[in-house]
Peer 1: 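Have a look at this one before I ask anything.
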Amino acid sequence: MQKKTTILLINKKGKENKIIQIPSGIILHWRKYLLLINCLIILLLAIIGIYIYQKTSEHYIDKLARANIIKNQIDLVKVKQSLNSIDENIHKINKSLNARGLESITIENAGGIGDNIEITDINNIAEFYANKIKEIKNTLIVTPLGKPTHGNISSLFGNRMNPFGGLRSEKHVGIDFKGKIGDPVKSTAKGIVIFTGVKGSYGKCIIIKHNNYLQTLYAHLSNSKVKVNQKIKAGEIIGTVGNSGRSTGPHLHYEVIHNDKKIDPKLFLKL
Ligand SMILES: [Zn+2]
């Protein structure tokens with residue numbers, strides 16, 4: 001029989017007293033029991049600790065392995081070549097824009113890719129070029145390009161003999177395109193109509209503003225299909241060829257205006 005110690009709990013309010021029996025061993029050897037409980041708690045914590053360590057280190061090793069696979073799949077030399085090629089092309093586009101009197105797209109030096117690009121830079125470099133390409137797209141959308149009508153050129157920009165006769169030469173500030181009355185006239189870039197109506201010797205005429213410094217003008221029309229403040233897409237039909245104003249026969253007179261100065265539209269016929 002196990003030895004037990006009896007504890008009598010006396011209730012002062014006169015209710016029944018309570019008797020508790022505890023094995024005498026616990027009272028005599030409480031230090032040993034406490035030590036045992038401590039050891040058990042430490043053991044449990046150690047098991048939890050080892051489990052967490054194993055799980056996280058496995059995860060880390062796994063991640064590292066995957067990063068290495070990706071790194072090996074990317075051919076840095078090829079990436080550098082591609083980036084340099086993009087860079088060269090942006091410079092060419094800039095040259096082409098400059099030749100047309102347009103603002104060039106600024107390139108800070110992420111361009112001319114150095115030799116020490118790291119895999120970790122690729123995100124930044126890709127983002128940089130994605131933004132540059134977007135800028136180019138936005139510039140091109142508002143840049144008048146190509147012909148406003150299908151007819152051939154009949155008169156270029158610059159000094160020419162007065163088409164109405166006489167000996168004095170005059171400066172022709174646009175390009176004339178041959179055409180028949182009713183031939184479609186298209187906007188050469190995205191923009192907004194700032195004028196439509198009769199304008200002196202231009203006759204029936206449309207002016208489209210493409211950005212803060214570029215406008216195009218279409219003159220001698222037989223008909224305008226647009227209203228002031230109307231938004232126009234590149235290539236949208238805005239009117240028809242005519243013979244209105246100071247004109248010697250049906251044709252389209254086309255101007256490109258850069259910062260209020262009339263410049264040669266021929267620069268914009270091809271990119
Ligand atoms: Zn003309």
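All ligand and atom numbering here is 1-based and tracks the order in the structure. FYI, side chains are in, hydrogens and waters are out, and symmetry mates aren't considered; it's all heavy atoms of this structure.
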Peer 1: Using the rule given for salt bridge (Lys or Arg N to Asp or Glu O under 4.0 Å), can you reason through E127 versus K134, listing the C-alpha separation, both sets of side-chain angles and the distance that settles it, and then say yes or no?
Peer 2: CA-CA 11 Å; E127 202 186 317; K134 213 184 270 173; over 6 Å; no
Peer 1: Taking N, O or S atoms only and a limit of 2.8 Å, check whether H251 reaches the Zn ion (ligand 1).
Peer 2: no
Peer 1: Run the side-chain donor-acceptor check on residues 215-222: report pairs under 3.5 Å with partners two or more places apart or on a different chain.
Peer 2:
unit_1: T216; atom_1: OG1; unit_2: H210; atom_2: NE2; d: 2.7
unit_1: T216; atom_1: OG1; unit_2: Y218; atom_2: OH; d: 2.8
unit_1: Y218; atom_1: OH; unit_2: T188; atom_2: N; d: 3.1
unit_1: Y218; atom_1: OH; unit_2: T188; atom_2: OG1; d: 3.4
unit_1: H220; atom_1: ND1; unit_2: Y202; atom_2: O; d: 3.4
unit_1: H220; atom_1: ND1; unit_2: S244; atom_2: O; d: 2.8
unit_1: S222; atom_1: OG; unit_2: T240; atom_2: O; d: 3.4
unit_1: S222; atom_1: OG; unit_2: T240; atom_2: OG1; d: 2.8
unit_1: S222; atom_1: OG; unit_2: V241; atom_2: O; d: 2.7

Peer 1: Just checking: H172, one of its N/O/S atoms, less than 2.8 Å away from the Zn ion (ligand 1), yes or no?
Peer 2: yes
Peer 1: Need one value: angle at the Zn ion (ligand 1), D176 atom OD1 versus H253 atom ND1, rounded to 10 degrees.
Peer 2: 100°
Peer 1: How far apart are the closest heavy atoms of S24 and T5, and which atoms are they?
Peer 2: OG-OG1, 2.8 Å
Peer 1: For residues 42-55, pull every pair meeting side-chain hydrogen bond (donor to acceptor under 3.5 Å, both in side chains), keeping only residues two or more places apart or in separate chains.
Peer 2: none
